[in-house]
Amino acid sequence: MDFLNSSVFFGTVLSLLAYFLGFYLKKLIKKNWFNPFLFAVILVIVILLIFKIPYKTFYNSSKYLDFLLTPATVCFAIPLYEKTHILKKNFKAIAIGILTGVITSLSCIWAAAKIFGFTHNEYVTMLPKSVTVAIGMDLSKSLGGYTGITVAVITITGITGSVLCPFLCKIFKIQSSVAKGVGIGSCSHILGTSEAYNLGETEGAVSSLSLVIAGILTVFAAMLFSNLH
Amino acid sequence: MKYIKQLSIILLVSLIGEALHYFIPLTIPAGVYGIIILYLLLYFKIIKLQDVKPTGEFLIDILPIILIPSAVSLLNYFELLKVKALGYILTAIVSTVIVMFAAGKITDIIILKELKNENKNKSGKKAKTQAKVKP
């Protein structure tokens, strides 16, 4: 136990191995509802509970990974820049579509907060749920939410989106590739995007640019929405 | 040297983002300021894509690992989750469907309308292929 408390590698290595196992299982199972990230998070939690390792011990030896969060988030500018030509070509449709998605998402959370009687902290925890985890987690933190729950909810949203999106496109009769990409990117961020690439190159590219723009717009819109409940 | 240059640019942008987050009293995360700054630097060709891309791809690739430690803090909220987990999950699933409908349908309507106008103007064949439904 003393060793774990003093280790600076334990938490990082445990996270890496858990994710690696999840990634390996994903290859074996080949189902789109199986998410290696969520698997890794649950596995780490189970291991900490079984061996009665406090979260603090784990976090102290894995917090160095946090250092990389902002630099990695910054790099979302790269795929966005590479898709600038697609954005320019369909600017009006994409911009209005994403803005609608962002406002709808925040309104849904506001409605859910009224229905389920969320506290203010729970409400701001849920607000970033359609945003990619890197942005959503930081947003939840700065609004005063519970980051752990935010990450879980964002992941569940992403899995829901990636499983349902191909069907939803058919049911809602969404026809153009660009619209499919905007829908998938705004509702289920990075997890949906990999599924969007299965529908087609345009769907995937639009989805990956939509998730970044939706993230940025959500951050701004959440400033207004966070005061509503 | 290649990686030092790339890492320097990305960390410098992160630092500026951090400073903006600190000095501007808004709830905008440092990373979001950073995305906007790096995008503008690329867009106005102040830095070349190759000056950030390899390191950028590496960082985005390892993003899930970066997020695990914070995600595991979920275990601190078991008491809260016992009561509220169902509400959270239901909210997540239902709102995902609604957002998909709203964002996708609006975009679709605008694009189909634009195509119609284009076809009216020049009855071009090129535009039609873009809207073609993929099997």
Side-chain angles (χ1 to χ4, degrees), chain A residues 15-16 19 37 40-41 44-45 55 59 62 65 68-78 80-81 93 96-97 100-101 104-105 108 112 116 129-130 133 135 137-139 142-143 146-149 151-153 156-157 160-161 168 172 174-176 178-179 182-183 186-187 200 216 219 223, chain B residues 10-11 13-14 17-18 26-32 34-36 38-39 42-43 49 52-53 56 59-60 63-77 84 87-89 91-93 95-108 110-112 114 130-131 133-134:
Chain A
S15 305
L16 277 166
Y19 187 78
F37 173 71
V41 171
V44 171
I45 289 178
Y55 174 70
Y59 186 74
S62 61
L65 287 170
L68 292 169
L69 178 63
T70 301
T73 311
V74 167
C75 293
F76 277 120
I78 297 169
L80 184 61
Y81 171 71
I96 295 175
T100 310
T104 310
S105 174
C108 282
F116 293 111
K129 64 120 228 160
S130 280
V133 186
I135 296 176
M137 197 176 82
D138 255 10
L139 179 60
S142 41
L143 292 173
Y146 311 116
T147 47
I149 297 177
V151 176
V153 171
I156 292 170
T157 302
T160 312
L168 292 179
F172 298 144
I174 297 168
Q175 293 178 323
S176 75
V178 172
V182 169
S186 341
C187 81
I216 297 171
V219 165
M223 287 194 285
Chain B
I10 293 169
L11 290 184
V13 172
S14 306
E18 203 181 31
L26 295 174
T27 49
I28 298 169
V32 172
I35 296 175
I36 298 169
L38 185 58
Y39 184 83
L42 288 166
Y43 189 82
L49 187 58
V52 282
K53 200 178 169 187
L59 285 172
I60 291 179
L63 193 54
I65 307 294
I66 298 174
L67 296 166
I68 289 176
S70 303
V72 170
S73 69
L74 192 61
L75 63 77
N76 294 331
Y77 305 116
K84 297 285 181 68
Y88 295 157
I89 295 173
T91 308
I93 294 175
S95 65
T96 303
V97 175
I98 299 174
V99 172
M100 175 76 203
F101 175 73
K105 203 67 196 172
I106 290 273
T107 314
D108 209 31
I110 296 173
I111 284 185
L112 294 181
E114 281 175 353
Q130 283 175 353
V133 186
K134 288 200 175 147

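Nothing here was measured: the structure is a model prediction, and the numbers come from that model. Throughout, a chain's letter reflects where its sequence line sits, starting with A, and its residues are numbered from 1.
B:Glu18 does not touch chain A: none of its heavy atoms, backbone or side chain, sits under 4.5 Å away. When heavy atoms are compared at a cutoff of 4.5 Å, A:Leu139 approaches chain B by way of both its backbone and its side chain. Both the backbone and the side chain of B:Ile65 come within less than 4.5 Å of a heavy atom of chain A. The parts of B:Leu74 that come within reach of chain A are both its backbone and its side chain, each placing non-hydrogen atoms under 4.5 angstrom from that chain. Heavy atoms of B:Leu11 lying under 4.5 Å from chain A belong exclusively to its side chain.
Contact count versus chain A (heavy atoms, under 4.5 Å) is highest, among B:Ile28, B:Ile35, B:Val97, for B:Ile35. Chosen from A:Ala112, A:Gly183, A:Ser186, the residue pairing most often with chain B at heavy-atom distances under 4.5 Å is A:Gly183. Comparing A:Phe37, A:Tyr55, A:Tyr59, A:Phe116 by how many heavy-atom pairs each has under 4.5 Å with chain B, the most go to A:Tyr55. Interface summary for chain A: among B:Leu67, B:Val32, B:Ile98, the most heavy-atom pairs under 4.5 angstrom belong to B:Leu67. When A:Leu16, A:Val44, A:Leu143, A:Ile78 are compared by the number of non-hydrogen pairs under 4.5 Å with chain B, A:Ile78 comes out ahead. The candidate from A:Val133, A:Leu68, A:Ile156 with the greatest count of non-hydrogen atom pairs under 4.5 Å with chain B is A:Leu68. For the set B:Ile60, B:Val13, B:Leu42, the entry with the most heavy-atom pairs within less than 4.5 Å of chain A is B:Leu42. Interface summary for chain A: among B:Ile36, B:Ile66, B:Leu59, the most heavy-atom pairs under 4.5 angstrom belong to B:Ile66. The candidate with the highest count of non-hydrogen atom pairs below 4.5 Å against chain B, out of A:Cys75, A:Ser105, A:Ala72, is A:Cys75. If you tally non-hydrogen atom pairs under 4.5 Å between each of A:Gly101, A:Gly161, A:Ala93 and chain B, the highest count goes to A:Ala93. Of the residues considered (B:Gly17, B:Ala30, B:Ala92, B:Pro64), B:Pro64 shows the highest number of contacts with chain A, using heavy-atom pairs under 4.5 Å. Comparing B:Ile68, B:Ile106, B:Leu49 by how many heavy-atom pairs each has under 4.5 Å with chain A, the most go to B:Ile68.
Between B:Val52 and A:Val74 there is no side-chain heavy-atom pair separated by less than 4.5 Å. Using a 4.5 Å heavy-atom threshold, the side chains of B:Thr107 and A:Ser176 count as separate.
B:Ile10 CD1 to A:Thr73 OG1: the interatomic distance, rounded to the nearest 0.5 Å, is 11.5 Å. Atom CZ of A:Phe76 is separated from atom OH of B:Tyr39 by 15.5 Å, given to the nearest 0.5 angstrom. Remark: B:Asn76 CG to A:Ile45 CD1 distance equals 9.0 Å, nearest 0.5 Å. The distance from atom CG of B:Leu63 to atom CG of A:Leu65, rounded to the nearest 0.5 Å, is 11.0 Å. The CD1 atom of A:Ile174 sits 6.5 Å away from the CG atom of B:Asp108 when rounded to the nearest 0.5 Å. Note that the CD1 atom of B:Ile93 and the NZ atom of A:Lys129 stand 10.0 Å from one another [nearest 0.5 Å].
When every heavy atom of B:Pro69 is checked against every heavy atom of A:Ser62, the shortest pair comes out as CB-OG, 3.4 Å. Smallest separation of non-hydrogen atoms from A:Val151 and B:Ala71: CG1-CB, 3.5 Å. Nearest heavy atom pair, residue B:Ser14 against residue A:Pro71, reads OG-CA, 3.4 Å.
Ring geometry, A:Tyr146 versus B:Tyr77: the interplanar angle falls from 30° to 60°, so the pair is classed tilted.
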